Trainee: 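This is the structure I have questions about; it appears just below.
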Amino acid sequence: MAVTNVQVGDHAFLRGLYRDGYYPDHLVDRGRMILLGLCERIEAERPADLAALYVLTHAATEEFNALQDAFWEADSDIETVAREEIAEDFWFVASAYGFAAADVEELIAPRDW
């Protein structure tokens, strides 16, 4: 399923990570795909409220948790800069789908990075 939200389609996810050689592009690509997958799920499931949105964002956060090992293996890390970039993109997604009141920390509550 392709994302139909124009705002999302025009957004450069994880832009700051692509600009920094510390983060391998192939792993940033995987992170971008996690975020696009989240968008697809939101469009397919149409969460009715923040609680339903958080279920979806938590699942995507768990995917980022699993990606952390790949970053370590590539002598990289989801550290402060990456955490901020990822969190901002989670909030962007929530906002783009009408959930501007979402709490950024709750969007990524199960993170271990």
Side-chain angles (χ1 to χ4, degrees):
M1 173 180 165
V3 173
T4 61
N5 183 304
V6 175
Q7 251 186 305
V8 169
D10 291 342
H11 186 71
F13 285 103
L14 305 176
R15 178 186 0 221
L17 302 186
Y18 281 112
R19 291 182 183 162
D20 189 331
Y22 178 68
Y23 308 103
D25 283 353
H26 72 283
L27 296 178
V28 179
D29 289 344
R30 287 173 56 187
R32 181 178 169 273
M33 294 311 296
I34 291 169
L35 291 164
L36 287 171
L38 171 61
C39 294
E40 289 174 355
R41 285 194 66 193
I42 291 170
E43 289 185 12
E45 298 181 26
R46 303 197 183 281
D49 55 22
L50 281 174
L53 175 69
Y54 292 147
V55 169
L56 301 179
T57 63
H58 290 178
T61 300
E62 294 290 352
E63 291 182 60
F64 270 101
N65 288 347
L67 188 57
Q68 173 71 313
D69 288 340
F71 273 92
W72 287 331
E73 290 169 10
D75 293 323
S76 187
D77 191 11
I78 299 178
E79 43 66 70
T80 305
V81 170
R83 280 193 297 268
E84 292 299 318
E85 186 84 13
I86 294 166
E88 285 176 20
D89 276 343
F90 267 88
W91 188 85
F92 166 80
V93 167
S95 180
Y97 288 100
F99 294 97
D103 178 271
V104 121
E105 290 301 319
E106 184 57 34
L107 288 170
I108 57 172
R111 72 181 168 96
D112 63 9
W113 28 271

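Only a predicted model underlies this, so the values are computations on that prediction, with no experimental measurement involved. Residue indices begin at 1 and follow the sequence shown.
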Trainee: Under the side chain to side chain donor-acceptor pair (under 3.5 Å) rule, collect the residues that match up with E84, sequence neighbours excluded.
Mentor: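 For E84 there are no side chain to side chain donor-acceptor pair (under 3.5 Å) partners, ignoring immediate neighbours.
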Trainee: Can you run down the side-chain hydrogen bond (donor to acceptor under 3.5 Å, both in side chains) pairs that involve residues 43-53, sequence neighbours left out, and say none if there aren't any?
Mentor: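 Passing the test, one end in residues 43-53: T4-E43, R41-E45, E43-Y97.
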Trainee: Please answer: with hydrophobic residues joined when any side-chain heavy atoms are less than 4.5 Å apart, are M33 and L27 in the same cluster?
Mentor: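 Yes: a chain of side-chain contacts under 4.5 Å links M33 to L27.
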Trainee: How would you list, by chain and number, every residue that makes a side chain to side chain contact (heavy atoms under 4.5 Å, CB included) with A60, sequence neighbours excluded?
Mentor: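 Per chain and number, A60 pairs via side chain to side chain contact (heavy atoms under 4.5 Å, CB included) with I34, L38, F90.
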Trainee: Who are the side chain to side chain donor-acceptor pair (under 3.5 Å) partners of E106, not counting sequence neighbours?
Mentor: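 Applying side chain to side chain donor-acceptor pair (under 3.5 Å) to E106 gives H58.
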Trainee: Could you list the donor-acceptor pairs under 3.5 angstrom formed by side chains in residues 67-74, with sequence neighbours left out?
Mentor:
residue	atom	partner	partner atom	Å
Q68	OE1	I78	N	3.1
Q68	NE2	D77	OD1	2.9
W72	NE1	D77	OD1	3.0

Trainee: Hydrophobic cluster membership, with links at side-chain heavy-atom distances under 4.5 Å among I/L/V/M/F/W/Y: are F99 and V55 in one?
Mentor: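 The answer is no; the residues belong to distinct hydrophobic clusters.
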Trainee: Does any pair with a residue in residues 28-37 pass salt bridge (Lys or Arg N to Asp or Glu O under 4.0 Å), and if so which ones, sequence neighbours excluded?
Mentor: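 Residue pairs passing salt bridge (Lys or Arg N to Asp or Glu O under 4.0 Å), neighbours aside: none found.
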Trainee: Do R15 and R19 make a side-chain contact, defined as non-hydrogen atoms from C-beta onward lying under 4.5 Å apart?
Mentor: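 They are in side-chain contact.
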Trainee: Kindly write out the residues that satisfy side chain to side chain contact (heavy atoms under 4.5 Å, CB included) with E40, not counting sequence neighbours, or none if the list is empty.
Mentor: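 Checked E40 against side chain to side chain contact (heavy atoms under 4.5 Å, CB included); matches are V3.
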Trainee: In the structure I gave you, are the side-chain heavy atoms of P110 and F64 within less than 4.5 Å of one another anywhere?
Mentor: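 Counting from C-beta outward, P110 and F64 never come under 4.5 Å.
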Trainee: Sequence neighbours excluded, which residues qualify as side chain to side chain contact (heavy atoms under 4.5 Å, CB included) partners of A66?
Mentor: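 Partners of A66 under the side chain to side chain contact (heavy atoms under 4.5 Å, CB included) test: none.
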Trainee: Measuring from D103:CG to T57:OG1, what's the distance to the nearest 0.5 Å?
Mentor: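 Output value for this atom pair is 10.0 Å.
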Trainee: If every non-hydrogen atom of C39 is compared with every non-hydrogen atom of F13, which pair is closest and at what distance?
Mentor: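 Smallest interatomic distance, heavy atoms only, reads SG-CZ, 4.2 Å.
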Trainee: Among N5, V6, L36, D89, which residue satisfies the side chain to side chain contact (heavy atoms under 4.5 Å, CB included) criterion with H11?
Mentor: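 Going through N5, V6, L36, D89 one by one, the side chain to side chain contact (heavy atoms under 4.5 Å, CB included) with H11 is satisfied by D89 alone.
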Trainee: How would you list, by chain and number, every residue that makes a side chain to side chain donor-acceptor pair (under 3.5 Å) with E79, sequence neighbours excluded?
Mentor: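 Expected list: Y23.
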Trainee: With side chains defined as the heavy atoms from C-beta onward, is the minimum distance between L35 and V8 less than 4.5 Å?
Mentor: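 In short, these two side chains do not touch, never coming nearer than 4.5 Å.
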Trainee: For residues L56 and P47, determine if any side-chain heavy atom of one lies less than 4.5 Å from a side-chain heavy atom of the other.
Mentor: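 Yes; the side chains approach each other to less than 4.5 Å.
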Trainee: Looking at residues at least two apart in the chain, or sitting in another chain, which of them share a side chain to side chain donor-acceptor pair (under 3.5 Å) with Y22?
Mentor: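 None.
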Trainee: For R111, which residues count as a side chain to side chain contact (heavy atoms under 4.5 Å, CB included) partner, sequence neighbours excluded?
Mentor: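 Here the qualifying residues are T61, N65, R83, E105, I108, W113.
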